[in-house]
Student: 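Let me give you the structure first, and then I'll get to my questions.
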Amino acid sequence: MAEKSFKYVILGGGVAAGYAAREFAKQGVKPGELAIISKEAVAPYERPALSKAYLFPESPARLPGFHVCVGSGGERLLPEWYKEKGIELILSTEIVKADLAAKTLSTTSGETFKFHILIIATGSTVIRLTDFGVQGADAKNIFYLREVDDADTLVEAIKAKKNGKVVIVGGGYIGIEIGAVMKMNNCDVSMLCPEDWLMFRLFTRDIAAFYESYYEHKGVKIIKGTVAVGFTADSNGEVKEVRLKDGRVLEADIVVVGVGAKPLTALFKGQVAEEKGGIKTDGFFKTSVPDVYAVGDLSTFPLKMYNELRRVEHVDHARKSAEQAVKAIKASEEGKTIEEYDYLPFFYSREFDLSWQFYGDNVGDTVLFGDNNPASPKPKFGTYWIKNGKIFGAFLEGGSPEENKALAKVARVQPTVESLDLLAKEGLSFATKI
Ligand code: FDA
Ligand code: NAD
């Protein structure tokens, strides 16, 4: 049986893996010391592109155009880059067994990889409707989106079912982004959102009202407060209808499902401490097992600002946690210490011509400000969240880079608010003068 041994192994070849590799290269890594093992066939790339530019009808993004680290304005790490640095990219290789005590990872074909230090970066996978036993959910043309192969399958379906009827199941991130891009592809789009408004976990009713109205003006139908309970297929096994809990039936040529993600921790069950569905780490992304780190979507880490353990399923944290873990590994080798991770949550999205950013925590009272008229030529509006008299969270649609920076600062500094009415009047200028 083939066995390979490395000083450092990154398990998973997604966003966190790519940013960790860049940090290793910055800090100094010798050829042959580091390997990335990924079940994907391609070098790490900026996953957010898959639900946006990858699906554009005109000039869509394609690899190698969006390999990491272009998403944060850095140099693009092409496969050659790893070769030059002597970093081994072990692609199309799924690890099916991990023995953390024996420091080995194995594949079904019997390959074994030994590590001295392991960074777990397996991210998350999609939750499937078949997981809840939804009738007919295994019909053809019901799609999920996580990896570039999934996006390729969806692109083929968009071509095959030109101008077809698309039903999106889920009113979260995948829902709003795919809803927009499918409309841009001239499909007839209906979105199913089980809650009272879109992006229920983050948006307020007022924020959602803007996006819902904007989408409806574009011709996207939004059906709220109900779920898909079953699918009917035609004689080819292709989805034909979506049955809703409230009794309605929608015709569909394509269904795209975005009902959430779950962290890929199964390989390590019983071997490492878990918390809130993820692998528990400290502020250096060390797990309960010596020499094993966990970063990105699957790490449950101390969010210092709010004094609690959290998991964050967004790209900015994947990048920063990966860099922090590598810095911590390198520092401890030199007997040095680094500052604990002190993360400010940052989420963003882009749909049609819109673009929003959110920083901080969406807790407490809210204040809406700015021009939230969806018919405005350039709407710009936002919301502050205020808890214990201080700003905890800040949201802005249509901000400039400087304004978004101000937003981040206000969420980090948490200034005291004297009056909510005054804050509503001051709006964005409150943040820009901090
Ligand atoms: P990630 O999922 O990137 O990588 C995990 C890697 O591990 C994959 O390569 C996988 O194949 C591999 N793997 C898993 N199990 C394995 C095994 N057993 N053996 C070998 N390899 C294995 N966030 C945001 O802030 N803004 C945005 O706009 C978007 N947009 C967006 C769009 C889409 C379509 C998705 C799916 C997600 C986003 N996100 C996002 C979320 C963001 O992409 C996500 O938080 C990061 O990719 C997480 O990075 P990780 O490296 O942790 O996991
Ligand atoms: P999500 O958690 O954002 O949203 C899930 C949605 O599905 C919610 O509206 C939820 O109520 C709904 N839902 C749950 N169960 C349902 C059911 N049985 N039937 C119908 N609807 C149901 O998850 P997602 O949109 O699937 O995104 C997957 C992952 O990708 C997440 O980690 C997300 O953070 C990430 N992502 C992020 C971005 C971004 O940050 N811009 C973009 C795309 C994806």
Side-chain angles (χ1 to χ4, degrees), residues 10-20 36-52 54-55 68 71 90-98 105 107 113 119-129 131-132 134 137 144-151 154 168-178 181 191-195 197-202 224 226-229 244-245 256-268 278 294-299 311-319 321-322 345-351 355-358:
I10 302 169
L11 176 55
V15 173
Y19 281 77
I36 293 178
I37 306 175
S38 176
K39 70 177 166 63
E40 289 190 83
V42 292
Y45 56 88
E46 302 283 1
R47 198 166 304 286
L50 298 183
S51 49
K52 305 177 188 70
Y54 204 87
L55 303 176
V68 296
I90 303 169
L91 302 177
S92 304
T93 301
E94 181 171 2
I95 294 301
V96 293
K97 189 169 180 279
L105 306 171
T107 65
F113 302 97
I119 301 181
I120 303 172
T122 43
S124 344
T125 189
V126 295
I127 296 176
R128 292 180 180 271
L129 291 176
D131 296 346
F132 319 120
V134 176
Y144 296 83
L145 183 58
R146 183 77 210 176
E147 299 189 344
V148 73
D149 289 353
D150 304 324
L154 190 52
I168 316 268
V169 180
Y173 285 95
I174 290 284
I176 55 162
E177 292 184 2
I178 300 296
V181 85
M191 291 173 61
L192 282 180
C193 169
E195 292 97 356
W197 62 82
L198 289 180
M199 292 285 296
F200 192 77
R201 280 188 302 158
L202 177 65
K224 294 184 277 187
T226 187
V227 292
V229 290
L244 311 191
K245 196 173 181 183
V256 184
V257 183
V259 296
K262 55 184 176 195
L264 281 170
T265 58
L267 284 174
F268 315 100
V295 295
D297 273 14
L298 57 51
S299 58
R311 224 165 46 69
V312 172
E313 290 177 359
H314 292 276
V315 75
D316 179 60
H317 162 69
R319 295 168 179 156
S321 59
F346 165 47
F347 317 143
Y348 72 90
S349 181
R350 287 189 291 271
E351 308 90 10
S355 171
W356 58 260
Q357 302 207 347
F358 168 83

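Start at 1 and go down the list; that is how both ligands and their atoms are numbered. Reckoned from all heavy atoms, side chains included, excluding hydrogens, waters and symmetry mates.
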Student: Can you confirm whether Arg128 sits close enough to Val257 that some side-chain heavy atom of one is under 4.5 Å from a side-chain heavy atom of the other?
Tutor: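 No. Closest side-chain heavy atoms not under 4.5 Å.
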Student: Can you find a pair of side-chain heavy atoms, one from Leu55 and one from Ile178, that are under 4.5 Å apart?
Tutor: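 Yes; the side chains approach each other to less than 4.5 Å.
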Student: Checking the side chain of Tyr173 only, and the main-chain atoms of Gly258 only, is there a donor and an acceptor separated by less than 3.5 Å?
Tutor: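 Checked: no pair found.
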Student: Let me know which protein residues bring a heavy atom to under 4.0 Å of ligand 1; chain then number is fine for ordering.
Tutor: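 Ligand 1 pocket, heavy atoms under 4.0 Å: Leu11, Gly12, Gly13, Gly14, Val15, Ala16, Ile37, Ser38, Lys39, Glu40, Arg47, Pro48, Ser51, Lys52, Thr93, Glu94, Ile95, Ala121, Thr122, Gly123, Leu145, Arg146, Glu147, Ile174, Glu177, Leu264, Leu267, Gly296, Asp297, Glu313, His314, Val315, Ala318, Tyr348.
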Student: Could you tell me whether the side chain of Val148 reaches within less than 4.5 Å of the side chain of Tyr54, counting heavy atoms only?
Tutor: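 Yes. Closest side-chain heavy atoms under 4.5 Å.
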Student: Using atom types as modelled and distance alone, determine if a side-chain donor or acceptor of Glu46 lies under 3.5 Å from a backbone N or O of Gly71.
Tutor: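 Yes.
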Student: Quick one: list whatever passes ring-ring contact (aromatic ring centres under 6.0 Å, His included) with Phe347, sequence neighbours left out.
Tutor: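 His314, Phe358.
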Student: With no hydrogens and no angle check, is any side-chain donor or acceptor of Asp150 less than 3.5 Å from a backbone partner on Arg146?
Tutor: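 Judged by distance alone, yes, a pair lies under 3.5 Å.
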Student: Return a table of N or O atom pairs, ligand 2 on one side and protein on the other, at distances under 3.5 Å, rounded to 0.1 Å.
Tutor:
residue	atom	partner	partner atom	Å
ligand 2	2 (O)	Arg201	NH2	2.6
ligand 2	3 (O)	Tyr173	N	3.2
ligand 2	7 (O)	Gly258	O	3.2
ligand 2	9 (O)	Gly171	N	3.2
ligand 2	9 (O)	Gly172	N	3.3
ligand 2	9 (O)	Glu195	OE1	3.2
ligand 2	11 (O)	Glu195	OE1	3.1
ligand 2	11 (O)	Glu195	OE2	2.2
ligand 2	23 (O)	Gly260	N	3.4
ligand 2	25 (O)	Tyr173	N	3.1
ligand 2	25 (O)	Ile174	N	2.8
ligand 2	26 (O)	Gly258	O	3.4
ligand 2	26 (O)	Val259	N	3.4
ligand 2	26 (O)	Gly260	N	2.8
ligand 2	32 (O)	Glu313	OE1	2.4
ligand 2	34 (O)	Glu313	O	2.9
ligand 2	40 (O)	His314	ND1	2.9
ligand 2	41 (N)	Glu177	OE2	2.8
ligand 2	41 (N)	Tyr348	O	2.8

Student: If you round to the nearest 0.5 Å, how far is OG1 of Thr122 from NZ of Lys39?
Tutor: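 Nearest 0.5 Å value for the NZ-OG1 distance: 9.5 Å.
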Student: Using ring-ring contact (aromatic ring centres under 6.0 Å, His included) as the criterion, list what pairs up with Phe200, not counting sequence neighbours.
Tutor: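 With neighbours one apart ignored, the set is Trp197.
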